[in-house]
Number of protein chains: 2
Amino acid sequence: MTTSDSSRQRAARSGGSERTEHLAGLIMALARREGMKAGDRLIEQRLADALDLSRAPIRLGLKALEAAGLARGEPNRGFVLAKNPTSGAAQPALAAVRRSEQVYATIAGDVLASRLPADIAEAELMRRYDLSRAELQRMLDRIAAEGWIARLPGYGWRFAETVSSPEAQAKAMAFRAVIEPAAIAQPDFTLPQEVIARLRERQLRVLEGELEKMTIGEIYHSGCEFHEEIIRGAGNPFFVEALKRVNSIRRLFAYRSFADRDGMRRHVRQHLRLLDVLEARRYAEAAKLMAKHLQRPLVAGLS
Amino acid sequence: MTTSDSSRQRAARSGGSERTEHLAGLIMALARREGMKAGDRLIEQRLADALDLSRAPIRLGLKALEAAGLARGEPNRGFVLAKNPTSGAAQPALAAVRRSEQVYATIAGDVLASRLPADIAEAELMRRYDLSRAELQRMLDRIAAEGWIARLPGYGWRFAETVSSPEAQAKAMAFRAVIEPAAIAQPDFTLPQEVIARLRERQLRVLEGELEKMTIGEIYHSGCEFHEEIIRGAGNPFFVEALKRVNSIRRLFAYRSFADRDGMRRHVRQHLRLLDVLEARRYAEAAKLMAKHLQRPLVAGLS
DNA sequence: GATTGTTCTTTTGTGCAATAATATACAATC
DNA sequence: GATTGTATATTATTGCACAAAAGAACAATC
């Protein structure tokens, strides 16, 4: 059986390639996180720095945004935001979810539901998900980086036990409940004033209305960023790395929980309280607060 | 400039391919860890299971061992060990260190000494280390799995700050000093009797003479295994995973420390003492002991 | 002086055919 | 019944030519 070509054709949209569409989405997300408004300039180099790319692909992304009506290009002045970057805005206007994203989600679902054997060959995956070798390669690289699959010495790959276990969610929280307070309690923990200010501002924005407009994915992402910024204060990259890995796996489950907006609101208030204590440099107290914050999460799965 | 072919030719040894030679080494290492003696049978399927491979490559490895005089093949009875698998035995008899291992070590050294820029393109790496695309790909996969390099969104890769920092060693220990005692202190921590027995036996073997014959790499590896087995007792894969990652990075520094055999001896005695306390299920005490063990390592870098 | 527009260079992805490595099945042997 | 020996099928790697993407340099513009 040869792989079918029909399902692998490129999304024929005016905006640009899949990759460019994706980038356009990243730009909008960044604009929103930075609190930009309609009319603000989208400066190429700044976006390039923020997204670890050069100006060339950024410019393509901006053109895609223009095609989608989200940005306006002005001769010799580059691009400006055409609309306030509210959460929903970007997605529907841009191409449908990328095929690779869909496949990724399908695989994640299959693994969580144990519909896949723990050990599996690349050829088998290519058949199951109708992927070219190159596509699969990229997918596996990504999943491996997220830490829930690893190469076997011979042919094939093995999914990590971390994901398949039914209590994975609880285990992840137990792990966080250890490392996050411990990071704050490290002797040379310190969080620059401007970081605290930035975090507080973002949390306030969420509390004052943005929450309602955010998707589950965005809420999750925002929560992760908050905690990752704080743990960074320990000045020990091993803590940061470990948290990031846990979070990238937790994200797999996160899609299944649903948002309890009231719980979220209390949750964000806890974040703000934590920031106050951190600002006062009462780190021992902050560590305890963090432990409490993580031990009984107000919203299932979304801390 | 085209890549030179001279340096990439296959090691022309009778034993087999580079890969097979490597596998032969793994078999010997396994035999030693299992405490096997000269004359013991090397059962193909058992080796295959232990090394996550099928019998086909194992058999090639065994043939390589025979060629090296370390195993003896008997018709219809497979292979038996020809010599006691003492540490040094395998290496010199087999092919010189694999080229890819040498390159790996060179890259690691260059990163540790900051002789490489944090961001670097694949093409540049291919030039610097005279690697084919495929070779480099494998190398990068491996390094990425170990967690000290990551793909950038555009072209190129970025080395993790985890490695380049001069205090990385200390930071790694600080991280372990958090997660390892915490794992033991988890409410459902438990270590099966047989695991404790196996660990104790191995530590005793090291103490009673094997230590002198072990290379730095082997000593390091053995230490890691001990700690990883113990942390596994928490039944939480996130702890295990995190420790494994730290250890795979610590290994980069480990080569530079040298063995203080007396310190090592005290170190192993601490391991044995820890096992006693664990066997008695006095977990709180064990956690404290582990914390002490990690806070002031008797041997620099080798815990 | 910062930013955009444009051009040119370099780097990387992709598909394919040939080749190598690994897995599997089953008969033969102890 | 477990293990080896052997043949066969499956799976993955490699090198190459071509296409696509990203980076870098510099002049033009605000």
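Chain identifiers are assigned alphabetically (A, B, ...) following the order of the sequence lines, protein sequences preceding nucleic acid strands; residue numbering begins at 1 within each chain.
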Q: Name the closest nucleotide to the Tyr155(A) side chain, picking from dG5(C), dG23(D), dA21(C).
A: dA21(C)

Q. Which nucleotide in the set dA21(D), dT11(D), dT12(C) lies at the smallest distance from any side-chain heavy atom of Ser17(A)?
A. dA21(D)

Q | Spacing of Leu47(A) atom CG relative to dA2(C) atom P, expressed in whole Å | A | 17 Å

Q: Return the 5'-most residue of the pair Pro57(B), Gln137(B) with respect to DNA chain C, ranking by each residue's nearest nucleotide.
A: Gln137(B)

Q: Report the nucleotide, chosen from dT4(D), dT14(C), dT14(D), that has the shortest atom-to-atom distance to any side-chain atom of Arg41(B).
A: dT4(D)

Q | Proximal nucleotide (of dA12(D), dT22(C), dG23(D)) relative to the Ala121(A) side chain | A | dA12(D)

**Q.** Minimum heavy-atom distance between Met126(B) and Leu136(B), given as atom pair plus value
**A.** CG-CD2, 3.5 Å

Q | Rounded interatomic separation in angstrom, taking CZ from Phe79(B) and C1' from dG5(D) | A | 11 Å

Q: Would you mind reporting whether Val103(B) and Arg99(B) have side-chain heavy atoms less than 4.5 Å apart?
A: yes

Q: State which of dT3(C), dT12(C), dT22(C) makes the closest approach to the side chain of Glu122(B).
A: dT12(C)

Q: Grab the two heavy atoms, one from Met36(B) and one from Arg41(B), that are nearest each other, plus how far apart they are.
A: CE-O, 3.4 Å

**Q.** Distance in angstrom units between Ile120(A) CD1 and dT11(D) P, rounded
**A.** 11 Å

Q.
I need the CD-P distance between Glu135(B) and dT14(D), as an integer number of Å.
A. 8 Å

**Q.** Helical bend (five base pairs per end, nearest 10°) for the helix from dG1(C)-dC30(D) to dC30(C)-dG1(D)
**A.** 60°

(Q) Below 30° counts as parallel, above 60° as perpendicular, anything between as tilted: where do the rings of Phe159(B) and Trp148(B) land? (A) parallel

Q: For Asp49(A) and Gln45(A), test the side chains for any donor-to-acceptor distance below 3.5 angstrom and give the result as yes or no.
A: yes

**Q.** Rounded distance in Å - CZ (Arg151(B)) to P (dA22(D))
**A.** 12 Å

Q) Glu124(A) has an atom CD; how far is it from atom C1' of dA9(D), in whole Å? A) 15 Å

Q. Is it true that a side-chain atom of Ser222(A) and a backbone atom of Glu218(A) form a donor plus acceptor pair closer than 3.5 Å?
A. no

(Q) Suppose we screen for side-chain hydrogen bond (donor to acceptor under 3.5 Å, both in side chains). Which residues come up paired with Arg19(B), at least two apart in sequence or across chains? (A) none

Q: Output, in order, the C-alpha distance, side-chain angles, deciding distance and verdict of side chain to side chain contact (heavy atoms under 4.5 Å, CB included) for Tyr129(A) and Asp110(A).
A: CA-CA 11 Å; Tyr129(A) 300 105; Asp110(A) 286 349; 2.6 Å; yes

Q | Whole-Å gap separating P (dG5(D)) and CD1 (Ile43(B)) | A | 12 Å

**Q.** Whole angstrom value for the distance that separates P of dG23(D) from CD of Glu44(A)
**A.** 13 Å

Q. Under the 3.5 angstrom rule, does the side chain of Glu124(A) hit a backbone N or O of Ala121(A) as a donor-acceptor pair?
A. no

**Q.** Residues Ile149(A), Val163(A); criterion side chain to side chain contact (heavy atoms under 4.5 Å, CB included); working and verdict
**A.** CA-CA 9 Å; Ile149(A) 206 171; Val163(A) 208; over 6 Å; no

**Q.** Contact under 4.0 Å: Arg138(A) side-chain N or O vs dT14(C) OP1/OP2
**A.** yes

Q) Counting just side-chain N and O atoms, does Arg59(A) come under 4.0 Å of either OP1 or OP2 of dG5(C)? A) yes

Q) What nucleic acid atoms does Leu136(B) come within less than 4.0 Å of, heavy atoms only: base, sugar-phosphate, or nothing? A) nothing

Extract from the structure each pairing of a protein N or O with an N or O of nucleotides 24-30 of chain C at less than 3.5 Å, listing the distance.
from    : atom 1 : to       : atom 2 : distance (Å)
dT29(C) : O3'    : Asn76(B) : ND2    : 3.2

Q: Output yes when at least one side-chain N/O atom of Arg19(B) is less than 4.0 Å from OP1 or OP2 of dA12(D), else no.
A: no

